[in-house]
Amino acid sequence: MTPDAPESFTVRPVVTREPVTPITVELKPCFADETLDGMNLLNEIVDRYPQAISFAPGRPPDSLLDVRRHIATLPRFIAALARRSGTTAVREWRRLGQYSRTNGVIQEAIALHLRLDEGIDVSPEAIITTVGAQEAMAILLTGLFDPQTDILLASDPTYVGITGLARILDIHVVSVPADDAGLDPDAVERTLRSIRGKGRVRALYDIPDFNNPLGSSLSMDRRVGLLDVCRRHGLLLIEDNPYGMFCYDGNRLPTLKAMDRDGTVIYIGSFAKTLFPSLRVGYLVADQRVGNCESPLARALSRVKSLITVNTSALCQAIVANAIESGRGSLDGIVAPKRDLIRRNRDTLVATLDKSFADLRGAVHWTVPHGGFFLAADLPFDFGAAELRACAQTYGVIACPMRLFTLAGGSRLRQIRLSFSYLTPPEIETGVARLSRYVRDRLRR
Ligand SMILES: Cc1ncc(COP(=O)(O)O)c(C=O)c1O
């Protein structure tokens, strides 16, 4: 305050009043749902036992994020972009600081990456650049589903990003039980029959490649079968594929979107694993027609995105475009070292499980994933919140209960998900030794 400031500008001291009872806010009933609480529980345990070896996070390895290089090469990318578009670097940098087009500014680059790395041929117009894959799910659920009438089918167990969000939005989810080989088209057919007349089944959600949480990959027969069931019943098939480029054995099978001839598949992608998660850049491919319009569904959904996040950060999009351009359209050069490291981790985990549980093979078993970040293991007893806590506290190891990802239950309640993407091989070996001690103590009791 200057001495001659008018009185009206004087800052008045805060008046202390009598304490009042704060108002209480009632949450929507879904907040009591276990599926929404599960992830909080897991985070709480990870925070509470920082010394425990955690097989929980589905993160890419810290050592290969290379954030500094992505940022350091950005000025060269911007200068080249300015030259190509006949503007100036100053102007391009300013554009990175501004609001930008709702559906994104790098769809050409994403379309090229999709063609080269995923065998998917789509027009840039059919792509929305999103704030992570998570926003793609939010756009689809809010833009396509009427909670009064529409049902989402989801393979079970599945990624809680979609089922949890559906729960918050009051969208009815019906689970289709998957087996160790992933989603079976016959199971989809059976589920559709069992819910006939109960609502309009709008879409089926699945992660066909290197599934989270199962680690499974669909066979070619199942891919063909799924497309066929969805087509016959008029369902959209939402294919979520953040792990496709992390294939460790043999050749990759085509994505459902690459096999799609009539617009059955809506495809979700993410740069969180191929580049790095803090970018929060993903995308949605929606090339379906809307009524008689020529423009794709992605154009219509832009209205939804504009009301959720307005646009995806242009700065983060530029980092993605730079990465794609540095590989002449392909991210394979950037992904390859991560893929090699995580493949070695997968091999270490499987070899250590083989060794540590050799005498318990009848009671403890696991599937060997051909790609991705996760492996599912069966234990001879239920593994829930209490077991998670005991394991972390007494044995110093954290495994993710499969029940966090399932709406169904049954034998899944005895399963755990082990993530092998983030730990080092010595940590994996120590973690499995601790897990083995826990299982043996439990069995003795
Ligand atoms: C199957 C699946 N979909 C989507 C995501 C989220 O991707 P994003 O970080 O781009 O939102 C994950 C992340 O773990 C995932 O496992």
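Any value given below was found using the heavy atoms of this structure, including those in side chains, with hydrogens, waters and symmetry copies removed. For ligands, and for the atoms within them, numbers begin at 1 and follow the listed sequence.
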**Message:** Under the side chain to side chain donor-acceptor pair (under 3.5 Å) test against K257, which residue among D287, N241, D121 passes?
**Reply:**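 When D287, N241, D121 are each tested with K257, the side chain to side chain donor-acceptor pair (under 3.5 Å) holds only for D287.
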**Prompt:** Backbone N or O of S100 within a donor-acceptor pair of the N311 side chain at under 3.5 Å?
**Reply:**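 At least one qualifying donor-acceptor pair exists.
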Salt bridge present between [X] and [Y] (N-O < 4.0 angstrom):
X    : Y    : value
R344 : D340 : no
D249 : R343 : no
R414 : D378 : no

Output block, N or O contacts of ligand 1, threshold 3.5 Å exclusive:
residue: ligand 1; atom: 3 (N); partner: D240; partner atom: OD2; Å: 2.6
residue: ligand 1; atom: 9 (O); partner: R280; partner atom: NH1; Å: 2.9
residue: ligand 1; atom: 10 (O); partner: A133; partner atom: N; Å: 2.7
residue: ligand 1; atom: 10 (O); partner: S270; partner atom: OG; Å: 2.6
residue: ligand 1; atom: 11 (O); partner: A133; partner atom: N; Å: 3.1
residue: ligand 1; atom: 11 (O); partner: Q134; partner atom: N; Å: 3.0
residue: ligand 1; atom: 11 (O); partner: R280; partner atom: NH2; Å: 2.9
residue: ligand 1; atom: 14 (O); partner: Y243; partner atom: OH; Å: 3.4
residue: ligand 1; atom: 14 (O); partner: K273; partner atom: NZ; Å: 3.1
residue: ligand 1; atom: 16 (O); partner: N212; partner atom: ND2; Å: 2.8
residue: ligand 1; atom: 16 (O); partner: Y243; partner atom: OH; Å: 2.6

**Asked** Sequence neighbours excluded, which residues qualify as salt bridge (charged side-chain N to carboxylate O under 4.0 Å, His left out) partners of R412?
**Response**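 With neighbours one apart ignored, the set is empty.
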